[in-house]
Number of protein chains: 2
Amino acid sequence: MTRRDIPDATVARLPVYLRALHPLVTAGVEVVSSEELATIAGVRSAGLRKDLSYLGSYGVRGVGYDVERLASEITRQLGLQHPWSVAIIGMGNLGHALAAYSGFATRGFRVQWLVDRDPAVVGTEIAGMRVVDFEQFAATVTEQVIAVISTPPVAAQEVADAVVELGVRSILNFAPGVLSVPSHTQVRKVDLATELQILAFHEQRGKDDARIATDGIEASG
Amino acid sequence: MTRRDIPDATVARLPVYLRALHPLVTAGVEVVSSEELATIAGVRSAGLRKDLSYLGSYGVRGVGYDVERLASEITRQLGLQHPWSVAIIGMGNLGHALAAYSGFATRGFRVQWLVDRDPAVVGTEIAGMRVVDFEQFAATVTEQVIAVISTPPVAAQEVADAVVELGVRSILNFAPGVLSVPSHTQVRKVDLATELQILAFHEQRGKDDARIATDGIEASG
DNA sequence: AAGACTTTGTGAAGGCATGCACAAAATCGC
DNA sequence: GCGATTTTGTGCATGCCTTCACAAAGTCTT
């Protein structure tokens, strides 16, 4: 059982497990069963066990998983031992909210740059950080950085090209529309209106179906 | 070919196609081939054709798809002929940004309620709308409504219970963590930190893989 | 009117993910 | 110590989604 090739579906769930583990770690719980953790995470226990098996064998039969060890193993696998630097580009409403979002810091990320091209915004302070223009950003980037694009749609491609040019290989894109990037660059997209439209479809169909989970995150009550 | 049971994966892409069609409609383009539209939407043409085939036969062989007809058909299928009412609950940074987000209005949604429980926030105006408390919201809801939960994590479950009680059957949840809802209620989740963590995993693995698409939205350039 | 050309719609195949069911492995009680 | 009990790890079956490849169906040219 090599630790290479973890299925994409599993990778997408590891953050969920990590999050589910966090309160247990804090509460000092030492051991958790796949059944319990699956309930917290909103998945099936068999799937959880299979997912964890890709990381190696970190459970004890008849007992369960060592909470702390499992959390640290997932953290390691996700590459979150050291925080990642994040640049938020586009300081509109959304960029503003993202800059102030505390969830990044608590989950392994450090927002290091707030970038905008509007001279009226550059130099102002948002959530305790000074907004810089793209040139200043480009001049100060040294390490690996994840770019978050929260510009208006028309500017998104241009920004993507520019950050790729800087060596960025991971982009989280909030602007609707498709980004063209080189093959070595990964893009994840969050489109709020799309999410609502999917909900609308099912709500309209209504009655028959329902309970469709995005990532298998939801549990019934 | 009944028009029931459209696969989930297809439903999730219909909004993308609709968005890709929009500029074509605006530009007055009359016909588009699956190849062209697939490029715009960032998918493969074969998959696009299969997806569209679930809606019925709206293309003409040797020609392509009538842009306007296709757009209106997808709009109809998604249930977007009439705008849906949306309530944003939790007027923190994110709720604030969502309230001001223009993308909802242009894509079939009308934000009708901004809800918060902080008395200091209730009554204030955000993006031209007055913030109400939950009681006022509950008292004025009549029609179908989609609830967007942008509260802190600890309040999310409580809010979910409350809106379900009001008859809401569709929830878009920005709060990390699992929501327990009755089986007739659908929840979609957007977790920003999770998205970054997935990026971090691939960036760390680096080199070998990359170009992993969230929804198959990205195109290479 | 017929043949060349284009593009859709779809059957079939392959790959991936999920869920089941159970053997393997550990603890606990006596 | 040994059998009962618990819980993991995983082989297998099932179902879903994607991709391929091509026949069907239309347009265009001559």
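Each chain gets a letter, A, B and so on, in the order the sequences are listed, and its residues count up from 1. Small disclaimer: the values here were computed from a predicted structure and weren't measured.
In this structure, B:Leu14 places its CG atom 13 Å from P of D:dC17, rounding to the nearest Å. Taking atom CG of A:Leu48 as the reference point, atom C1' of D:dT8 lies 11 Å away to the nearest angstrom. Note: CG (B:Asp8) to C1' (D:dT18) measures 15 Å, nearest angstrom. Here D:dT19 presents its C1' atom at 12 Å from CZ of B:Arg13, a figure rounded to the nearest Å. At whole-Å resolution of the value, CZ in A:Arg49 and C1' in D:dG9 are 8 Å apart. Atom-to-atom, OH of B:Tyr65 to C1' of C:dT6 comes out at 13 Å; the value is rounded to the nearest Å. Straight-line distance from the OH atom of A:Tyr54 to the P atom of D:dG9: 13 Å, rounded to whole Å. Atom CG in B:Leu55 sits about 14 Å away from atom C1' in C:dT8, given to the nearest Å.
Here B:Ser57 reaches the OP1 or OP2 of C:dG9: one of its side-chain N or O atoms lies under 4.0 Å away. Note on A:Tyr58: every side-chain N or O is 4.0 Å or more away from OP1 and OP2 of D:dT7. Regarding contacts with the backbone of C:dT7, every side-chain N or O of B:Ser34 stays at 4.0 angstrom or more from both OP1 and OP2.
Remark: A:Asp191 engages B:Arg107 in a salt bridge, criterion side-chain N to carboxylate O under 4.0 Å. The pair B:Asp8-B:Arg13 fails the salt-bridge criterion, with no side-chain N (NZ, NE, NH1 or NH2) lying under 4.0 Å from an Asp/Glu carboxylate O. No salt bridge links B:Arg49 with B:Glu35; every basic N to acidic carboxylate O contact stays at or beyond 4.0 Å.
With hydrogens and angles ignored, a donor-acceptor pair closer than 3.5 Å exists between the side chain of A:Lys50 and the base of C:dG19. Between the base of C:dT8 and the side chain of B:Arg61 there is a donor-acceptor pair shorter than 3.5 Å.
Contact of the B:Phe104 side chain with the A:Leu196 side chain is registered, since non-hydrogen atoms from C-beta on lie closer than 4.5 Å. Two residues are said to be in side-chain contact when any heavy atoms from C-beta on lie closer than 4.5 Å; A:Ile198 and B:Arg188 meet this criterion.
Closest approach to the A:Val63 side chain among C:dT8, C:dT27, D:dG9 is made by C:dT27 (side chain taken as heavy atoms from C-beta onward). Across C:dA21, C:dA17, C:dT10, the shortest atom-to-atom separation from the side chain of B:Ser53 is found for C:dT10.
Among the heavy atoms of the strands lying under 4.0 Å from B:Gly64 are primed sugar atoms or P, OP1, OP2 only; no base atom is included. Within 4.0 Å (heavy atoms only), A:Thr10 reaches no atom of the nucleic acid at all. Looking at heavy-atom distances under 4.0 Å, A:Arg44 makes contact with sugar-phosphate atoms alone, never a base.
Heavy-atom nearest nucleotides on DNA chain C were determined for A:Asp51 and for A:Gly62, and the one closer to the 5' end corresponds to A:Asp51.
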